[in-house]
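Numbers for residues simply follow the sequence, beginning at 1. What's counted below: heavy atoms across the whole structure, side chains too, no hydrogens, waters or symmetry copies.
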Amino acid sequence: MTGGAIGPTPRRPGPPEGRPTVFAADEQHAVEVPLDRLVKLAQDVLAERKVKGECELAITFVDETSIAELNQQFLGEDGPTDVLAFPIDDELVESGRSPDSGTSGPDRPDPEPGDVPILLGDVMVCPSVAARNAVEHSRTTDDELALLVVHGILHVLGMDHADPEEERAMFALQEDMLQRLFRDAV
C-alpha cells in the first residue's frame, strides 16, 4: 500500500444510538468492483472496531487520473496510488451556506449538534492499481480491493504504519480481519 491517511484522527464520540452507515460509489469503469460485498466488509470492520452510533463512512472507487490528482494535491506525490484515507476532523461542521458560511436561511434553524451525523471520513480506492498489485502479490483483485478497503478504514479510525511497531500491529489486524470477515465469509 502506497497511499496513506490524510488529516487528523477523528476524536469526537458518536451519538450512542443508531449505527454506522457506509456509502460506496464506483466512479470508474476499468475494473469490476464487488460493491455490495465490500460495503458489507466495511460495515463489519466498523462493528469489529466498536464504532457505534449514527456516523458515516464513504468509500469511492476512482480511476487512476482521479487518484493521481488527489495523491498530488494532498500528499505531494506524483502518479496514482492504490488507496487514500481522509479522516474527518473532530470539529463540528459550522452551520450556514457554503462557501460564505452565512446563515442557514430565514426559514431554517441551525441544526442541533446531536442531529448531525458524525462523519468518520472518506476512503478512495483505485481498482486499476489494485488489479496490478494483486498480480504482484499473488492475490485476486477482489482480495486486493478488500485489503485496501480495510487498510483505508483503519487509517480513517486513526491507525498508522509510520514506524515498524505500528506497521506490525496494523498489518496483523488487517490480515486477521480480512481472513475472518472477507475470505471466510464467502
Quiz item: Between L38 and L145, does a side-chain contact (heavy atoms from CB on, under 4.5 Å) hold up when you go through it step by step?
Solution: CA-CA 8 Å; L38 294 173; L145 289 169; 4.1 Å; yes
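Taking CZ from F23 and CD1 from I59, the interatomic distance works out to 11.5 Å, rounded to the nearest 0.5 Å. To the nearest 0.5 Å, the span separating CD1 on I153 from CG on L120 amounts to 9.5 Å. Residue M124 holds its CE atom at 13.5 Å from CG of L148, rounded to the nearest 0.5 Å.
Follow the hydrophobic side-chain contacts under 4.5 Å out from L57 and you reach L35 in the same cluster.
Looking at H137, its side chain does come within 3.5 Å of a backbone N or O of N133 through a donor-acceptor pair. Under a 3.5 Å cut-off, the side chain of N71 and the backbone N or O of G79 do form a donor-acceptor pair. Judged by distance alone, the side chain of Q28 and the main-chain N or O of V31 form a donor-acceptor pair under 3.5 Å.
Checked against the 6.0 Å centroid threshold, F86 and H155 do not count as a close aromatic pair.
Remark: of the listed residues T81, D63, V83, D82, D82 is the sole one forming a side chain to side chain contact (heavy atoms under 4.5 Å, CB included) with V129.
Side chain to side chain, E166 and H161 fail the donor-acceptor criterion of an N or O pair below 3.5 Å.
A salt bridge links D176 to R180: at least one charged side-chain nitrogen sits closer than 4.0 Å to a carboxylate oxygen.
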